[in-house]
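Structure first, then comments.
Residue numbers start at 1 and run along the sequence shown.
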Amino acid sequence: IDVARNELGIEPPYEIEIGAIGLQDVSLSLPQPVNPFANQTSRPMFQDQLIYPQSLTAISPRAQHDAIHEFIRQLYDLANVTYQVPSVI
């Protein structure tokens, strides 16, 4: 976003895609907050890819945070795991 706006002079809205491929049969590591070394894993995912298209009209850190964590929530959903979005710093 910084390069598009500041170096190329392209103003919002931005059409972005966040994605992952090769997900079929992959399990997610699920670190435990009390003991991050005692990881559990999710069930294997049945879908091979996840593409999350998004139109960013706001480019604030909060808007970027929300877009990234929505993608992560959808990724966890593929693994049948509930994702808790961390608060914005």
Side-chain angles (χ1 to χ4, degrees):
I1 293 171
D2 186 54
V3 171
R5 186 166 193 194
N6 297 326
E7 305 219 3
L8 301 175
I10 302 170
E11 292 298 319
Y14 300 113
E15 298 298 322
I16 64 167
E17 284 189 352
I18 306 170
I21 59 172
L23 298 175
Q24 190 164 349
D25 297 325
V26 170
S27 298
L28 294 177
S29 176
L30 307 169
Q32 303 299 309
V34 176
N35 182 0
F37 301 106
N39 290 348
Q40 296 180 352
T41 57
S42 71
R43 296 180 184 162
M45 291 182 249
F46 294 105
Q47 192 169 315
D48 190 51
Q49 66 180 5
L50 172 62
I51 306 298
Y52 174 62
Q54 177 70 19
S55 179
L56 282 181
T57 53
I59 59 169
S60 67
R62 176 60 193 228
Q64 294 176 47
H65 171 274
D66 291 349
I68 291 167
H69 286 284
E70 176 55 23
F71 168 76
I72 296 171
R73 187 200 63 75
Q74 290 183 22
L75 184 63
Y76 273 59
D77 191 49
L78 289 179
N80 200 28
V81 176
T82 301
Y83 177 68
Q84 298 294 322
V85 177
S87 60
V88 178
I89 298 174

Checklist line | Gln49 to Gln47 - nearest heavy-atom pair and separation | finding: O-NE2, 2.7 Å

Note to self: If I take atom CZ from residue Arg62 and atom NE2 from residue His65, how far apart are they, to the nearest 0.5 angstrom?
What the structure shows: 6.0 Å

Checklist line | Interatomic distance, Ile1 atom CD1 to Leu56 atom CG [nearest 0.5 angstrom] | finding: 5.0 Å

Notebook entry, point to check: When rounded to the nearest 0.5 angstrom, what is the spacing between CG in Asp25 and CZ in Phe46?
Noted result: 8.0 Å

Next item on the list: Return the set of residues passing side-chain contact (heavy atoms from CB on, under 4.5 Å) with Ser29 (not counting sequence neighbours), or none when no residue passes.
Entry: Pro31, Asn39

Margin query: Using the side-chain contact (heavy atoms from CB on, under 4.5 Å) definition, which of the options Ile72, Leu75, Ile18 pairs with Tyr52?
Written below: Ile18

Item checked: Spacing of CZ belonging to Phe71 relative to CD1 belonging to Ile51, to within rounding of 0.5 Å -> 7.5 Å

Note to self: Can a donor-acceptor pair be found, under 3.5 Å and without considering hydrogens, that links the side chain of Ser42 to the backbone of Ser27?
What the structure shows: no

Next item on the list: Go through the structure and list residues passing ring pair (Phe, Tyr, Trp, His ring centres under 6.0 Å) with Tyr83, not counting sequence neighbours.
Entry: His69, Tyr76

Margin query: Would a single hydrophobic cluster contain both Ile68 and Leu78, if residues Ile, Leu, Val, Met, Phe, Trp and Tyr are joined by side-chain heavy-atom contacts under 4.5 Å?
Written below: yes

Margin query: Can you tell me how far apart CG (Asn80) and CE (Met45) are? Round to the nearest 0.5 Å.
Written below: 11.5 Å

Notebook entry, point to check: Which value, rounded to the nearest 0.5 Å, describes the distance between Ile59 atom CD1 and Gln64 atom CD?
Noted result: 7.0 Å

Next item on the list: Please check if atom CD1 in Ile21 has more than 12 non-hydrogen atoms from other residues, nucleotides or ligands closer than 6.0 Å.
Entry: no

Next item on the list: Report the residues that fulfil salt bridge (charged side-chain N to carboxylate O under 4.0 Å, His left out) with Glu11, sequence neighbours left out, ordered by chain and then residue number.
Entry: Arg5

